[in-house]
Structure formats: structure tokens, C-alpha cells
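Right, one structure below, let's go through it.
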Amino acid sequence: MTNKKLASLFSNIALYLEIDSVPFKPQAYVRAANAIESLSEGVEKIYEREGLRGLEQIPGVGKSIAEKTEEYIKTGEIQEHEKLRKKFPVDIQELTSIEGVGPKMVRDLYKHLKIKTLDDLEKAAKAGKVRKLPNFGEKTEQNILQGIDFVKRSKGRWLLGNIYPYQEDLVARLEDSPLITRAVAAGSIRRMKETIGDVDILITTSKPEKAVEYFLSLVSYEKIWGKGSTKVSLRTTEGFDIDMRVLRQEVFGAGLQYFTGSKEHNVRLRTRAANKGYKLSEYGLFRGEKRIACKTEQDVYKALGMEYIEPELREDQGEIDCALEGKLPSVIPYDSLKGDLQVQTNWTDGKDSIEAMAKEAKKQGLEYIAITDHTRDLAMTGGMDEKKLLAQMREIDKINSKSEFRNSKFKILKGAEVNIRKDGTLDITDEVLSRLDVVGIAVHSSFKMTKKDMTARIVKAMRNPNVDILFHPTGRLIHKREAYEVDMDEIIREVKKTGTILEINAFPDRLDLKDSNIKKAVEAGCKMTIDSDAHAQDHFGCLKYGIAQAKRGWAEKKDIINTLSAEKMLAMLP
DNA sequence: GCCGTTTTCGGCCCGACTGTTTTCAGTCG
């Protein structure tokens, strides 16, 4: 995981340089950091094979950053970074993670109050010292305290999308070993919760000690919390914990059920079992001394007289009663999407071209994507005005007519992610909107309106007859920003009137709508779409997190319009 | 500091919003 650490060093350098208002260099470091973080290969490997020259091939990495990378590979640190850190001995990553706090504020806070950490800042703000600084005031102090509260609450939890690929890789490598007959992730990862506290791995093996050693050889860890013959618990160098347990083959199902949770689900399940005269534990379902089910999870649920409950539903949200009555919804399966209705390209803030995104989507088995770049008001992304949008539409026609796409089922649809202004109007004219296949709308600014005003703003935008989809309806960014205040019931009522489609945005830090809102939408009979919000080719993989979210919201295939063919999907749009 | 040529230095996404000003700096997207 050198890439990640190195990337974080470079982003730190960028922040330190911004303190000094150094022009342009910070962006260069940020670009390099992003490029390094998204590499599929370790920088050491590249360096080993191709030396400095290989490093310079990474986009955004030139001579100087390549040399710093070399220095880091050889010595584990970068002098430039040490120098800057001595000048401003502050936890700049942590402090700037507070919404509204940037490098300049960090500078002033350190200069006047010697604030170095989140805790320092919290104390100072609570003591009313922050408001007295030049250019700070009471409101800023309040915002800082709120921001700290938010950061603190999300500490120690990780985004599903950041951990899932790690877990997938680890499980695959465990299963590759002849020592191990079965390996599977349990816990909140298996339930696909939007954030994960730690990773639970279950294995079966005939040689527990050897398997534990093998597991330790695969994982790079900072600390072992505990180690026995059937369990090991550690902190990875990435900073999260893994619990690995060896289960006995014959009780694997019961163990998997137990360690998948959730705790609340299990408590209720055990109560049901007890009422029927059974006892349920991680070692099986018992009647008296007799073990009656334990091999598979299916056995356990069946023996309790209920339908099998998928892991994503096990949150004690009424799933057990439904399962007993045989009334569980058949939630949407993982392979059921035919299209993706939110895709950004290098026409705005995406990384790849329209054609590259289309090719990748096709490769992933999709039948269509809608290109939905940002519009005018999002100047920072190169947001498109009417003229640029029309040019892009012509470009899409051109690509669609290329033989590769023309002769296949695949189609690129024309769309946009249109900005909803503060007053509920849109930043593209109706005339141009009416020519698009898919019009998505979204809020990107003025997040701190009252609930009433924000709801009215969105409702007004949805009433535009050209509008098809409300993108990331609540605007939250997990661990970064709270959802804005909005009356979801009112939005749903309006959706029923206008036929607007609600989005389940699958990007790991959005997952917006969240599960409880999806459930509301399903109950009201709203239609939804699951979109990746891809900004690069490898982001299509995020769709599975959106599907997981839909499952957690009890959505069925029929509730999700992009399970349909392009033609049928388009017919569903208002 | 990187990039891309105009081959060796100039350009680098920029507008809205906020809270603090009293004309703007900082932050965000």
C-alpha cells in the first residue's frame, strides 16, 4: 500500500504549499497524488522495472515528483515533506477535513493559538477563543464546532467502497491456498453497509495453525491484537482491523449466519428460535442437545420455518416477520443492470473520453450509458453551456455511428447533469434540454437553506417538463458533509405527480438515496435508477454498491428503470 | 511542478457563496 501512503504525503505537501500561497505547485502535487492513488500497480514495482523514467510516465508525475517518489521508496520519507512539517507542525489532513476549514485557516489557527490537532481546535472553539481571531467570528466558530462533531462521528469507520476491493482480493488469495477450503467475508461487509467498522473473515481448513500463519503472510499489519489457533485479530497498515476466524466445516452455515449479523437481526432470530423451543448459536440450531441445522445458512432459516434472508436485509427492519410469512420481496440481484444513467467524461470533470467510457461500459456488459456532464454553473468542472452541450450531442452521434457501436446493441444516450440554482431554475434553456435523451438535475451549492426552501427549490426544478431524474437527491457526502435539509416525503409526493425518477447514486461516498429513503420510495411506488456517477473507466465497478444499497432498501428489479432495455427505459421517463 | 508545444518557457478550470469585511479572502465544487 505504498501508493496510498505516498499519495497522502503528496497531498500533504500540496496543503502545506497552499498555506504559503505558493502558486500552481499545490495543484501539481494534488494531480500527482490522485494519479498515484489510482494506479493499479505499486510504485515500487514500476520503479524496480523501469526506474525513474517509468515513474515519469505516470500522468502528472515529472522529474521532481519522480525523484521524491524514489526517495520515498528508498528511505521511507521525503525531506521536502519533513521540512514543511517542521515549519507547520500541524495535522493538516485532519484539520482540513473539517468542512469550511482550509489551509489558510489552519495557518491562522496555528499562528495565533498554536492549534495543531482536531482536539486543540475543539477546545479553543469551545472556549470561545476562535471567534476572537482576525477574520474569524461567532458563526465561523459555530461552523467549525459542527464540522468537528461530524468528523468525529465518522471516525473509525471506512467507506464500503474503500474496503470492499481489499476484502475481495484477500478472500480470493485465501481461497487460492490448498490449506483453505473456504473463505468468506462476514459482518457488515457482507451486509454491504455503507460504512464498515472492521473486516470479519471466516475460513474453514483442516490445518488451523498453518492457515493462520498463511493469513498473516498475506496481510501487512501494524499490530496483532491477539492470536490463537482459531482466531487472529490485527490492525492493518492501512489502519483498519481484521478479525479472522477458523470455523469448523460442519457448522459453517451457523457460524456464517452468526458472524454476518447484524446483532439486532440475530437477537430477534434467537428470540424466535427460543419461542419455538430451539436454541440458536454460532454452533448451530439445537433442539435440546440435538443439532438440527448448521451446515448452510439456508438450513438454519429453513429449520426456523422462514424464507432465506439475504445478508443485505438483516438489519431487524421487519425482515424476520416477512420471512416467516413468506412475504419477503425478491430484491434486485447483482447482475441486473442494463445501463448507467450518470456518467461524466473529460468534457467536464471526468478523466476519460466519451468513447473510452462507452467501450468500458460495453465491456462490463452494459447495453447503454447516458453521458451526463456538468452544466454552466459548475465553472470549476468546465461546465457546459448550450453551445458546448450541442457540440457534445453531435460528437455522441458520431461515436454511436462508428461500426463498433452501430453493429452492437450498445448505445450512448445524450444527457446532462443540470444544476438546480438557488431559486429552483435550471442553468440550461428548455429548448436545449428538450433535445436530450436524459435530463438529470442536481443541487451543487447553497446547501444550507432551510428545509422548506430547499424542498421548494427542488420541487420547482422537478416540475420542469424536460426533467427526468433527480440525481443524488440529498447531497450528502459520507464522512464529509451532512445531507442538506429536505422533506423527503414531500419530494416523494411530487415524484408521484411528475413521474420524476429518483437516483440511487452508487459512488462510494454518496450512496444517495440511502437505504431508508429507498424503502420509502419503494413503498410509495416511485421508480428509481442506480447510477455509478463514473468519472473514470474503473468507476463502473461502483454500480454494485448502488445495487447493494437498493437491496438494503428492499427494492425489486421492477422498481429500478435501468434494469430495462434502453428503449423500455426511455419510455419510463416522464 | 507539470505539460506541451509555440521545443525551452508560458500557461495552469473559474464562479458562487459565506462570513467577514467595508471591498474581499477563503472555501467549495
Side-chain angles (χ1 to χ4, degrees), chain A residues 9-36 52 55-69 71 78 80-81 84 92 95-109 111 130-147 344-351 373-385 388 417-423 425 427 442-449 453-454 457 471-472 475-477 480-482 484 507 509-510 533 535:
Chain A
L9 283 184
F10 285 142
S11 17
N12 273 354
I13 292 181
L15 289 168
Y16 284 130
L17 292 172
E18 270 188 64
I19 285 187
D20 281 339
S21 302
V22 177
F24 304 116
K25 286 192 190 184
Q27 291 94 310
Y29 276 104
V30 168
R31 263 209 312 277
N34 287 339
I36 287 168
L52 272 177
L55 296 175
E56 283 184 47
Q57 294 308 304
I58 302 165
V61 175
K63 192 158 169 287
S64 169
I65 292 185
E67 280 169 359
K68 289 187 175 70
T69 303
E71 185 191 348
I78 296 173
E80 178 78 12
H81 182 260
L84 290 161
I92 197 159
L95 287 168
T96 51
S97 70
I98 304 165
E99 175 91 354
V101 175
K104 304 290 158 64
M105 270 198 195
V106 170
R107 176 196 60 199
D108 293 346
L109 289 165
K111 209 168 107 191
V130 171
R131 70 178 74 176
K132 290 183 185 139
L133 298 186
N135 296 321
F136 287 68
E138 209 166 318
K139 204 141 191 184
T140 304
E141 191 175 77
Q142 280 313 307
N143 284 339
I144 286 174
L145 280 172
Q146 265 177 30
Q344 267 72 237
T345 71
N346 59 6
W347 282 62
T348 58
D349 61 347
K351 190 169 142 233
D373 277 301
H374 287 291
T375 49
R376 180 188 284 124
D377 289 350
L378 274 83
M380 170 261 184
T381 66
M384 310 208 286
D385 56 14
K388 196 168 164 190
E417 178 177 2
V418 184
N419 188 41
I420 306 176
R421 290 177 161 151
K422 205 172 171 179
D423 63 359
T425 59
D427 67 342
V443 169
H444 296 100
S445 60
S446 295
F447 298 116
K448 288 190 173 170
M449 294 168 81
D453 289 346
M454 183 61 89
R457 172 186 181 182
F471 283 163
H472 44 76
R476 72 161 175 180
L477 292 175
K480 274 196 216 121
R481 188 177 69 211
E482 239 22 292
Y484 39 72
F507 211 74
D509 66 353
R510 286 198 181 270
D533 203 351
H535 284 64

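Every chain is numbered from 1 and lettered A, B, ... according to where its sequence line falls, protein lines coming before strand lines.
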Nearest-angstrom distance from the residue atom [atom1] of [X] to [atom2] of [N]:
X: A/Leu9; N: B/dG1; atom1: CG; atom2: P; result: 16 Å
X: A/Leu378; N: B/dC17; atom1: CG; atom2: P; result: 11 Å
X: A/Ile144; N: B/dC28; atom1: CD1; atom2: P; result: 11 Å
X: A/Asn419; N: B/dG15; atom1: CG; atom2: C1'; result: 11 Å
X: A/Lys448; N: B/dG19; atom1: NZ; atom2: C1'; result: 11 Å
X: A/Asp385; N: B/dG15; atom1: CG; atom2: C1'; result: 14 Å
X: A/Ile65; N: B/dC3; atom1: CD1; atom2: C1'; result: 12 Å
X: A/Gln146; N: B/dG19; atom1: CD; atom2: P; result: 11 Å

Worksheet item: Can a donor-acceptor pair be found between the side chains of A/Asn419 and A/Thr375 at a distance below 3.5 Å?
Response: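 On atom types as modelled, these side chains do not qualify, holding no pair under 3.5 Å.
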
Discussion item. Applying the Watson-Crick and G-U wobble criteria at under 3.5 Å, what pairs with B/dT8? Answer none if nothing qualifies.
Written reply: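 Partner of B/dT8: none.
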
For the [atom1] atoms, the ones on [N] and on [M], what distance do you get once it is rounded to whole angstrom?
N: B/dC14; M: B/dT21; atom1: C1'; answer: 22 Å
N: B/dC28; M: B/dT20; atom1: P; answer: 15 Å
N: B/dC13; M: B/dG19; atom1: C1'; answer: 25 Å
N: B/dG1; M: B/dT5; atom1: P; answer: 23 Å
N: B/dG10; M: B/dG15; atom1: P; answer: 24 Å
N: B/dC12; M: B/dC17; atom1: P; answer: 25 Å

Worksheet item: Does OP1 or OP2 of B/dG29 have a side-chain N or O of A/Arg481 closer than 4.0 Å?
Response: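 For B/dG29, OP1/OP2 do have a side-chain N/O of A/Arg481 under 4.0 Å.
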
Practice prompt. Give a yes/no on whether any side-chain N or O of A/Lys68 is located under 4.0 angstrom from OP1 or OP2 of B/dG1.
Written response: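 True: A/Lys68 side-chain N/O within range (under 4.0 Å) of B/dG1 OP1/OP2.
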
Provide a list of protein-nucleic acid N or O atom pairs under 3.5 angstrom, restricted to nucleotides 21-26 of chain B.
from   : atom 1 : to       : atom 2 : distance (Å)
B/dG26 : OP1    : A/Arg107 : NH2    : 3.2

Item to complete: Report the residues that fulfil side-chain contact (heavy atoms from CB on, under 4.5 Å) with A/Val101, sequence neighbours left out, ordered by chain and then residue number.
Response: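 Here the qualifying residues are A/Ile98, A/Met105, A/Val106, A/Ile144.
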
Answer yes or no: is there a side-chain heavy-atom contact under 4.5 Å between [X] and [Y]?
X: A/Leu15; Y: A/Thr96; value: yes
X: A/Gln344; Y: A/Asp533; value: yes
X: A/Asn135; Y: A/Lys104; value: no

Worksheet entry | Partner of A/Leu84 by side chain to side chain contact (heavy atoms under 4.5 Å, CB included), out of A/Ile19, A/Ile92, A/Ile78, A/Ile13 |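 Testing A/Leu84 for a side chain to side chain contact (heavy atoms under 4.5 Å, CB included) against A/Ile19, A/Ile92, A/Ile78, A/Ile13 leaves exactly one candidate, A/Ile13.
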
For a quick check of understanding: with a heavy-atom distance under 4.0 Å over all strands, which category does [X] fall into, base, sugar-phosphate or nothing?
X: A/Pro59; result: sugar-phosphate
X: A/Asp349; result: nothing
X: A/Glu56; result: nothing
X: A/Val61; result: sugar-phosphate

Candidates [options] - which lies nearest the side chain of [X]:
X: A/Ser445; options: B/dC17, B/dG19, B/dG1; answer: B/dC17
X: A/Glu99; options: B/dC28, B/dC12, B/dT20; answer: B/dC28
X: A/Ala28; options: B/dC2, B/dT20, B/dT18; answer: B/dC2
X: A/Lys25; options: B/dG19, B/dT18, B/dG1; answer: B/dG1

Item to complete: Kindly say whether A/Ile420 contributes a backbone atom to a donor-acceptor pair with the side chain of A/Arg457 at under 3.5 angstrom?
Response: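 Between the backbone of A/Ile420 and the side chain of A/Arg457 there is a qualifying donor-acceptor contact (under 3.5 Å).
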
Worksheet item: Within the side chain of A/Asp423, is there an N or O that forms a donor-acceptor pair under 3.5 Å with the backbone of A/Thr425?
Response: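 Yes, because the side chain of A/Asp423 sits within donor-acceptor range (under 3.5 Å) of the backbone of A/Thr425.
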
Practice prompt. If the plane angle is over 60° it's perpendicular, under 30° parallel, otherwise tilted; pick one for A/His444 and A/His374.
Written response: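 Correct class here is perpendicular.
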
Worksheet item: A/Thr140 or A/Leu477: which one's nearest nucleotide on DNA chain B is closer to the 5' end?
Response: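 Looking at the nearest nucleotide for each, A/Thr140 comes out on the 5' side.
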
